[in-house]
J.: 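Have a look at this one before I ask anything.
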Amino acid sequence: MEQDAVDRILEQWQRERPDLDVTSMGVMGRLTRASRLASLDLQEFMSQFGLEPWEFDVLATLRRSAAEGPLTSGQLASLTMVGSAAMTNRVDRLVARGLVRRETNPHNRRQLLISLTPDGEALADEVVEHHVINQKKMLHGLSKSEMSNLADLLRKFLLSHDDAGKS
């Protein structure tokens, strides 16, 4: 099997510290490298649509949650795994772009509800189709079975870190 950059790092540790079991370092190193490569690819991909990845994350979250109605800023922050201050800034920027709207909750006037504008919904729908194709391209080296196995293993990893239902 061809070696990746992490294999070389593990070989160096094995040479210098043969007393250490660095198996976990191999897994975490590959997760870190894979995350960085995926982030860079996503950044480049989203730029084609004039979006930052965080903008698409907010638009996609609102789009996939549309059946549940508008979301509060807190719900949106929780679903996108960012803090409430960051979400306020993000929503402000998307409101300025005409992609989302913010309205007072008629049942609780202290709460704001956030939803997509027609332009935001159209952009989310357009981009998500291409996003799925791009993700498939990113995973081209894996068979369907391997993707399923990897997804299962990553799910198990996330659940072991109490990540159930956080997004």
Side-chain angles (χ1 to χ4, degrees), residues 1-14 16 22-66 71 73 75-100 114 116-117 119-167:
M1 180 178 284
E2 193 175 346
Q3 287 196 325
D4 65 8
V6 176
D7 285 318
R8 289 185 287 284
I9 292 166
L10 297 177
E11 286 173 0
Q12 291 170 326
W13 278 118
Q14 184 62 42
E16 299 299 323
V22 293
T23 305
S24 60
M25 189 182 288
V27 173
M28 297 308 296
R30 287 183 177 96
L31 278 173
T32 300
R33 291 175 76 85
S35 176
R36 186 172 46 239
L37 289 171
S39 292
L40 290 171
D41 186 89
L42 184 61
Q43 178 82 37
E44 184 179 325
F45 173 77
M46 287 298 161
S47 71
Q48 298 172 67
F49 298 93
L51 291 171
E52 293 292 328
W54 68 262
E55 291 174 307
F56 178 70
D57 190 27
V58 173
L59 296 175
T61 300
L62 289 167
R63 182 64 181 103
R64 72 175 196 250
S65 304
L71 298 176
S73 185
Q75 289 170 317
L76 193 53
S78 176
L79 290 168
T80 57
M81 299 188 333
V82 298
S84 58
M87 184 52 63
T88 298
N89 182 36
R90 290 176 180 199
V91 169
D92 287 346
R93 291 172 67 180
L94 291 169
V95 166
R97 288 190 61 186
L99 299 173
V100 302
I114 300 145
L116 293 171
T117 63
D119 286 347
E121 183 175 340
L123 182 59
D125 282 342
E126 176 190 359
V127 175
V128 74
E129 291 177 20
H130 297 285
H131 182 50
V132 169
I133 293 166
N134 186 56
Q135 288 176 329
K136 287 178 183 176
K137 285 179 187 173
M138 290 170 62
L139 296 168
H140 75 277
L142 301 176
S143 70
K144 255 191 165 188
S145 174
E146 289 169 329
M147 281 191 274
S148 179
N149 289 339
L150 181 57
D152 289 343
L153 290 169
L154 290 170
R155 180 183 307 104
K156 186 174 183 178
F157 172 80
L158 292 171
L159 289 171
S160 75
H161 290 273
D162 199 29
D163 192 50
K166 289 186 181 173
S167 65

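Excluded from the calculations below are hydrogen atoms, water molecules and symmetry mates; all remaining heavy atoms, backbone and side chain alike, are included.
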J.: Using 0.5 Å steps for rounding, measure from the CG atom of D4 to the CZ atom of R33.
T.: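 Atom-to-atom, D4:CG and R33:CZ are 7.0 Å apart.
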J.: Identify whether the distance between the nearest side-chain nitrogen and carboxylate oxygen of R97 and E55 falls below 4.0 Å.
T.: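 Looking at E55 together with R97, the answer is yes, because their closest N to O distance falls below 4.0 Å.
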J.: Calculate, to the nearest 0.5 Å, the distance between atoms CG and OG belonging to L142 and S148 respectively.
T.: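 One gets 11.5 Å once the value is rounded to the nearest 0.5 Å.
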J.: Please evaluate residues L116 and L99 with respect to the criterion side chain to side chain contact (heavy atoms under 4.5 Å, CB included), reporting the C-alpha separation (whole Å), side-chain torsions for both, the decisive distance (0.1 Å), and the verdict.
T.: CA-CA 6 Å; L116 293 171; L99 299 173; 5.8 Å; no
J.: So R93 and W54, do their side chains get closer than 4.5 Å, heavy atoms only?
T.: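 Yes, at least one pair of side-chain atoms sits under 4.5 Å.
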J.: Please report the shortest heavy-atom distance between L59 and L51, naming the atom on each side.
T.: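 Between these two residues, the closest heavy atoms are CD1-CD2, 4.2 Å.
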J.: Ignoring hydrogens and geometry, is there a side-chain-to-backbone donor-acceptor pair from H140 to K137 under 3.5 Å?
T.: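 Judged by distance alone, yes, a pair lies under 3.5 Å.
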J.: Has T88 got a side-chain atom pairing as donor or acceptor with S84's backbone, closer than 3.5 angstrom?
T.: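 Confirmed, T88 side chain pairs with S84 backbone.
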J.: What's the spacing between N149 CG and S143 OG if we round to 0.5 Å?
T.: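 Reported value, rounded in 0.5 Å steps: 7.5 Å.
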J.: Of all heavy-atom pairs between T117 and G98, which one has the smallest distance, and what is that distance?
T.: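 For T117 and G98, the tightest heavy-atom pair comes out as OG1-O, 2.6 Å.
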J.: Less than 4.5 Å apart, side chain to side chain, heavy atoms only: is that true for V128 and R63?
T.: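 Contact flag for V128/R63 side chains = no.
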J.: Decide yes or no on salt bridge (Lys or Arg N to Asp or Glu O under 4.0 Å) for D7 and R30, but give the supporting numbers first.
T.: CA-CA 10 Å; D7 285 318; R30 287 183 177 96; 2.7 Å; yes
J.: Can you find a heavy atom in the side chain of N134 that is under 4.5 Å from one in the side chain of M46?
T.: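 Of all side-chain heavy-atom pairs linking M46 with N134, none is under 4.5 Å.
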J.: Roughly how far, to the nearest 0.5 Å, is the CG atom of L37 from the OG atom of S39?
T.: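 Taking OG in S39 and CG in L37, the distance rounds to 9.0 Å.
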J.: Of the non-hydrogen atoms in L76 and T61, which two are nearest, and what is the gap between them?
T.: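 Smallest interatomic distance, heavy atoms only, reads CD1-CG2, 3.7 Å.
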J.: Nearest heavy-atom pair of G29 and V6: which atoms, and what distance?
T.: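 Smallest heavy-atom distance, with atoms named: C-CG2, 4.0 Å.
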J.: Just so I know, are the side chains of H131 and Q135 near enough to count as touching, which here means a heavy-atom distance under 4.5 Å?
T.: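 Yes; the side chains approach each other to less than 4.5 Å.
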J.: Is it the case that over 12 heavy atoms from other parts of the model lie below 6.0 angstrom from the CD atom of E44?
T.: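 Open: at most 12 neighbouring heavy atoms sit under 6.0 Å from CD of E44.
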J.: Could you give me the CA-CA distance, side-chain angles and deciding distance for L123 and E126, then say whether side chain to side chain contact (heavy atoms under 4.5 Å, CB included) is met?
T.: CA-CA 5 Å; L123 182 59; E126 176 190 359; 4.2 Å; yes
J.: As an exercise, state the distance from CE of M81 to CE of M87, rounded to the nearest 0.5 Å.
T.: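 Rounded to the nearest 0.5 Å, the CE-CE separation comes to 11.0 Å.
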J.: Please check if the distance between the ring centroids of H130 and F45 is under 6.0 Å.
T.: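 Not close enough - the centres of the two rings lie 6.0 Å or further apart.
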J.: Could you give the distance from CG (L62) to CG (D57), rounded to the nearest 0.5 Å?
T.: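 Here the rounded value is 10.0 Å.
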